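A short write-up of the structure that comes next.
Note on naming: letters A, B, ... go to the chains in the order of the sequence lines (proteins, then strands), and numbering restarts at 1 for each one. Computed from a predicted model, the values in this text were never measured in an experiment.
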Protein chains: 2
Amino acid sequence: MNGELEGSASRQRERHVSEARHKLIDAALASLIELGFSRTTGVEVCRRAGLTRGALNYHFPDYGNLLAAALGTAYDNLLDLPTRPRDEGPLEGWVQRAHSCIVRPDFKAIIELWLASQNDPELGATLSEAIAQGSQLFDPVFTLVDCDIELTPEAEAVYRTISEACVGLGVGRSVSGGPLAHETQVIDALLNIARDADRKISNRTKKRGADHGAH
Amino acid sequence: MNGELEGSASRQRERHVSEARHKLIDAALASLIELGFSRTTGVEVCRRAGLTRGALNYHFPDYGNLLAAALGTAYDNLLDLPTRPRDEGPLEGWVQRAHSCIVRPDFKAIIELWLASQNDPELGATLSEAIAQGSQLFDPVFTLVDCDIELTPEAEAVYRTISEACVGLGVGRSVSGGPLAHETQVIDALLNIARDADRKISNRTKKRGADHGAH
DNA sequence: ACCGGAACATACATTCATGTATGTTCGGGA
DNA sequence: TCCCGAACATACATGAATGTATGTTCCGGT
């Protein structure tokens, strides 16, 4: 209640606390990437973090919250990707963006947790918010809302097609342990599809721009 | 060695044997679909099959072989899909084919085992042949070899793009427990892409057909 | 100097899946 | 009729992960 005294005391420790927390979260994420969900256990996470189960139970009384935190970290890792120069069209940029996401090993952890949350309803309830937050990653409606890019139904279909294809490539990476032999082939095809669609959209915008007059 | 006596004796039982085997395999497949890999355990499979672990150990001393058999059954289920009328172009048909594959619940079991085989190297060795056999499902090079369809690099890229997009949709189904809201949207976009590519190929073939003369 | 709580570590009991051994049934051949 | 082996079921031991309780350290306040 009286946050004054607690604050001064706990603020000194806060770094210490979050150190162990981050260790556990990072260890969980690394284990998910290397061993998958089924082999990512409490003791395994503690082993990797160099801590004991006491620490795990202290910071994460509910094991699902650890996985939720790991999922959030994985999403953050994908969102922290360097923003590309915006020379290209929006759909072409979308291909680059989606591809740079699925290339990261964190993407495997995301897939593992996606499937696990569906297999285990209890875990699914715990992860639901984290999943909902991160499902925007491949959703053009959420991602482009702040840009001044209008989203026609046809364009949205292409956006989502690109996303799904990249998810497929990401699964292929997770399954084969490395990039599929035809990954660049598919990415090139997606780039061609994206450029075609970008051209169509650009032409339509220009036409409408002529009607509206210059800004 | 002398298969005569063994044959007459065991042939009587063969139906009985394969009954239990099939029960176990089907139970494993159902468990993979409903509970995923991590929760698909020996006792769970036996419970579903109405048998005991003695039967499981008798028919599948190596647990991985049960999963391999389940994977093979899942592939068979996908391959036994009704062949569509061939009115459409080859790429358009490929979209239909890939989509009809990922719609089946068996596809989730395949994804689960794909990931599990990568996470567990020992299991991966056991499943490798079954996986190799079934990876042809989405590989146009293997699937179209008996058809008289020639496969240009550009066409192959579109084939694989369609496949990866459908895999992405399949994962989405496995994750959300049902079809994604934009599944038909993506399929329609893929159909458009496929028809475009089919047209290009068709034109090129006609042109070359004119050079060769009629058959 | 004493105390109290945060941040862990340690220890024990339980559960669950598995490995393995042994028991049981049942049908066919001698 | 007797016996033998296939095709299971049953039972016990093991190991691993988890739930839970308790112990320990360290730091800050009084």
Side-chain angles (χ1 to χ4, degrees), chain A residues 1-28 31-32 35-67 69 116 119-120 122-123 126, chain B residues 1-28 31-32 35-67 69 116 119-120 122-123 126:
Chain A
M1 299 303 172
N2 54 351
E4 303 289 337
L5 294 177
E6 282 186 2
S8 63
S10 67
R11 202 156 301 169
Q12 301 278 0
R13 315 227 174 186
E14 199 162 329
R15 186 181 30 174
H16 216 87
V17 172
S18 54
E19 259 189 41
R21 268 185 68 95
H22 278 88
K23 275 187 184 178
L24 289 169
I25 295 171
D26 291 342
S31 178
L32 284 170
L35 303 179
F37 171 76
S38 63
R39 293 196 151 188
T40 294
T41 173
V43 296
E44 176 63 26
V45 171
C46 293
R47 250 194 35 195
R48 288 172 179 261
L51 297 171
T52 63
R53 293 205 316 121
L56 175 62
N57 200 289
Y58 178 79
H59 290 287
F60 297 96
D62 183 0
Y63 180 68
N65 290 125
L66 171 66
L67 298 179
N119 291 328
D120 187 344
E122 194 173 350
L123 178 62
T126 309
Chain B
M1 297 306 171
N2 54 348
E4 302 291 336
L5 294 178
E6 283 185 0
S8 62
S10 65
R11 202 155 301 169
Q12 300 279 358
R13 314 229 175 189
E14 198 162 327
R15 185 182 32 175
H16 216 87
V17 172
S18 53
E19 260 190 41
R21 268 186 67 96
H22 279 89
K23 275 186 183 177
L24 289 169
I25 295 171
D26 291 343
S31 177
L32 284 170
L35 303 179
F37 171 75
S38 62
R39 294 195 148 189
T40 295
T41 174
V43 296
E44 176 63 24
V45 170
C46 292
R47 250 195 36 192
R48 288 172 180 261
L51 298 172
T52 64
R53 294 205 313 123
L56 176 60
N57 200 288
Y58 178 80
H59 290 287
F60 296 98
D62 182 1
Y63 180 67
N65 290 126
L66 171 65
L67 298 179
N119 291 327
D120 186 344
E122 194 174 351
L123 178 62
T126 308

### Task
Rounded off to whole Å, could you give me the CZ-to-P distance for the Arg53(A) and dC12(C) pair?
14 Å
### Atom-to-atom span, NE2 of His22(A) to P of dA7(C) - whole angstrom
15 Å
#### Entry: Nearest-angstrom distance from the residue atom CZ of Arg21(A) to C1' of dC8(C)
15 Å
### Spacing between Tyr63(B) atom OH and dC16(C) atom P, to the nearest angstrom
17 Å
### Query
According to a strict under-4.0 Å criterion, is Tyr58(B) in side-chain N/O contact with OP1 or OP2 of dA7(D)?
yes
### Message
Closest-nucleotide mapping onto DNA chain D: is Asn57(A) or Gly50(B) further toward the 5' terminus? I mean the 5' end.
### Response
Gly50(B)
## Note on the structure
In terms of heavy-atom contacts, Ile25(A) and Phe60(A) come closest through CG1-CZ, 3.8 Å
### Task
Ignoring backbone atoms, establish whether His59(B) has a side-chain N or O less than 4.0 Å from OP1 or OP2 of dC8(D).
yes
### Task
Indicate yes or no for a side-chain donor-acceptor contact from Ser31(A) to the backbone of Val45(A) under 3.5 Å, with no hydrogens or angles considered.
no
### Message
Rounding to an integer number of Å, can you tell me how far Leu51(B) CG sits from dT24(C) P?
### Response
20 Å
### Query
Minimum heavy-atom separation for Leu24(B) to Ala49(B), with atom names?
CD2-CB, 3.9 Å
### Summary
Rounded to whole Å, the CG-P distance (Leu24(A) to dA7(C)) equals 13 Å
#### Entry: Thr41(B) side-chain N/O to dT18(C) phosphate OP1/OP2 under 4.0 Å
yes
### Query
Atom CZ of Phe60(A) to atom C1' of dC8(C): distance rounded to whole Å?
14 Å
### Task
Counting heavy atoms from C-beta on, name the nucleotide in dA17(C), dA17(D), dC8(D) closest to the side chain of Ala55(B).
dC8(D)
### Separation of dC8(D) C1' from Glu19(B) CD (nearest whole Å)
13 Å
### Message
Any carboxylate oxygen within less than 4.0 angstrom of a Lys/Arg side-chain nitrogen, looking at Arg48(A) and Glu44(A)?
### Response
yes
